[in-house]
Amino acid sequence: MYAKSKLSVVILILSVAALFSGLAFAKQDPELKQCSHQCRVQQQFDEEQKEKCVSKCEEYHREKKERESVKEHEFDPDRKLRECQSRCMGQGQGEARQLCRFRCQQRLEREHDGRWEEEGKKQTKEYKEEHEEEHEEQEHNPYVFEDRHFSTPIKTEKGRVDLLAKFTQNSDVLHGIENYRLAILVANPKAFVVPNHFDADAIFVVTQGRGRISMIHEDKRRSFNIETGDIIRIRAGTPLYLINRDDNEKLFIVKLLQPVNRLDQYEVFYGAAGGKPESFYETFSIEILEAALKTSRDKLERFFDRRGEGAFLEASKEQIEAMSSREEGGKGGGIWPFGSDSKNPFNLFKKRRPSKSNKYGQLFEVDADEFEHLKDFDLRVSYANITRGCMNAPFFNSRAIKIAIVVQGQGYLEMVSPGSGGRKSGSSYQKISSRLRPDTVFVVPAGHPFVTVASINSNLEILCFEVNIENNVRYLLAGEGNLVQQLEKEAKELAFKRRGAEVDRVFGNQDEEFFFPGPRQQRSRDYE
Ligand SMILES: *[C@@H]1O[C@H](CO)[C@@H](O)[C@H](O)[C@H]1NC(C)=O
């Protein structure tokens with residue numbers, strides 16, 4: 001009896017409060033007033049249901065107003081906080097409402113943390129620059145690598161090689177890929193990269209340009225023309241050389257390397273080279289060379305002279321033409337070990353069709369089923385082309401670790417990382433965010449949900465190496481095929497503390513698959 005009367009008092013207070021907040025809004029907007037009225041006159045609703053219905057009206061109204069105001073307002077934390085907290089009116093009384101208001105504050109702080117330039121916005125330009133630097137230092141993020149994380153072991157007029165720092169250089173969170181290195185080779189038009197070999201297995205991906213690569217395997221030479229999208233597997237120690245066949249365009253090759261002698265370091269050896277780069281032949285004693293090559297000391301000293309410009313030389317048009325047209329250059333030539341059954345190279349974009357495609361983006365994927373050389377690496381190579389202003393579905397890989405490099409365009413990344421790194425929030429997760437621009441490398445560990453968003457100005461193109469791919473499952477967190485849709489009704493209700501239908505409405509609303517239109521309000525300032 002007592003309990004019952006207490007309950008009705010609570011309901012009374014609740015409904016008065018809700019009514020009050022409802023009225024406050026209703027005064028301003030006839031549509032909302034109408035909606036709330038409809039709730040209150042529903043015969044079959046009890047009081048609680050009526051109030052729930054009213055708060056739905058309010059929620060809808062607020063969202064609509066927010067959508068309308070998105071374009072008009074600059075980011076204004078105070079306004080956002082007020083708006084968010086006003087929503088707590090419909091959330092009951094006392095503790096519940098306080099908790100709701102507190103959450104608003106937390107959420108806003110987290111959002112605020114993610115905006116690199118926001119704080120400096122109103123400051124002078126100088127202060128802003130200083131501030132950004134400071135901010136970047138503070139927010140050192142072990143998953144993202146930018147220009148300053150590359151070294152340039154080779155740099156000549158004709159080209160260069162940029163080598164990314166070890167993945168574990170500054171943090172141990174990426175131990176899982178410590179035996180991989182990433183490098184970018186850039187060869188200028190008509191450059192010839194002198195024969196060399198290295199103590200690492202490698203996958204090369206051509207991200208731009210037209211070239212020709214030659215490899216020596218045992219007593220055979222295999223040469224073929226390469227172009228954008230080609231994936232080439234290089235066995236450790238295979239002597240190879242390259243040319244950029246194009247007169248105007250640079251040749252870009254992204255290399256994923258797996259050292260064989262040392263865990264996280266490899267060496268390049270130049271043999272068939274005279275002088276500069278230094279040929280390792282010269283390292284032997286001259287008596288050894290005399291005997292081995294059956295040539296006199298004088299001749300040898302003149303032969304290995306010190307002329308030369310380094311690892312990248314310029315080839316003449318005639319040389320390029322001659323090398324490019326040799327017959328064995330045809331793809332799929334079938335000389336062992338590159339037999340016709342295992343085409344090498346394999347082109348990412350010449351597959352029958354992308355594995356995901358709609359007007360918001362395309363995803364190309366190649367795994368060991370199609371290109372069996374990837375098996376030894378336990379690797380999948382993929383390429384996402386996200387339409388400007390769009391995003392990919394948030395997802396996580398069950399086992400694979402994704403090593404991604406931005407090939408073109410701008411945008412940003414958000415990733416969930418465990419551990420309460422948020423300085424102010426008491427959350428058990430940390431939001432890792434970063435702007436993305438060409439050559440930004442980011443790593444997404446297994447199990448970590450993440451999303452990438454293309455800027456409104458350009459498509460965002462990302463090349464990915466997903467290692468540890470065997471038995472990997474990609475779990476989508478939104479859109480067609482998302483994992484919440486797989487839960488039983490009861491599990492949904494228990495997990496989300498909502499009616500199953502309500503859960504379905506939220507998780508079934510996005511009916512695109514994998515690529516979606518991006519956030520309405522983009523942080524355009526962040527990637528200019
Ligand atoms: C990415 O998409 C754009 C627009 O559809 C297209 O122009 C571009 O060639 C695509 N990039 C690749 C590498 O396919």
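Both ligands and their constituent atoms are indexed starting at 1 by order of listing.
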is_close_aromatic(F364, F349), centroid dist under 6.0 Å: yes
Lys/Arg-Asp/Glu bridge criterion (N-O < 4.0 Å) met for E466, R474: no
Identified salt bridge (Lys or Arg N to Asp or Glu O under 4.0 Å) partner of D201 from the options K255, R181, R233, R235: R233
Note: R262-D199 ion pair, threshold 4.0 Å (strictly below): no
Aromatic contact, F514 with Y360 (centres under 6.0 Å): no
Pair listing, ring-ring contact (aromatic ring centres under 6.0 Å, His included) test, anchored in residues 436-485, at least two apart: F395-F450, F396-Y475
Neighbouring residues of ligand 1, heavy-atom cut-off under 4.0 Å: F349, Y383, N385, N459, E461
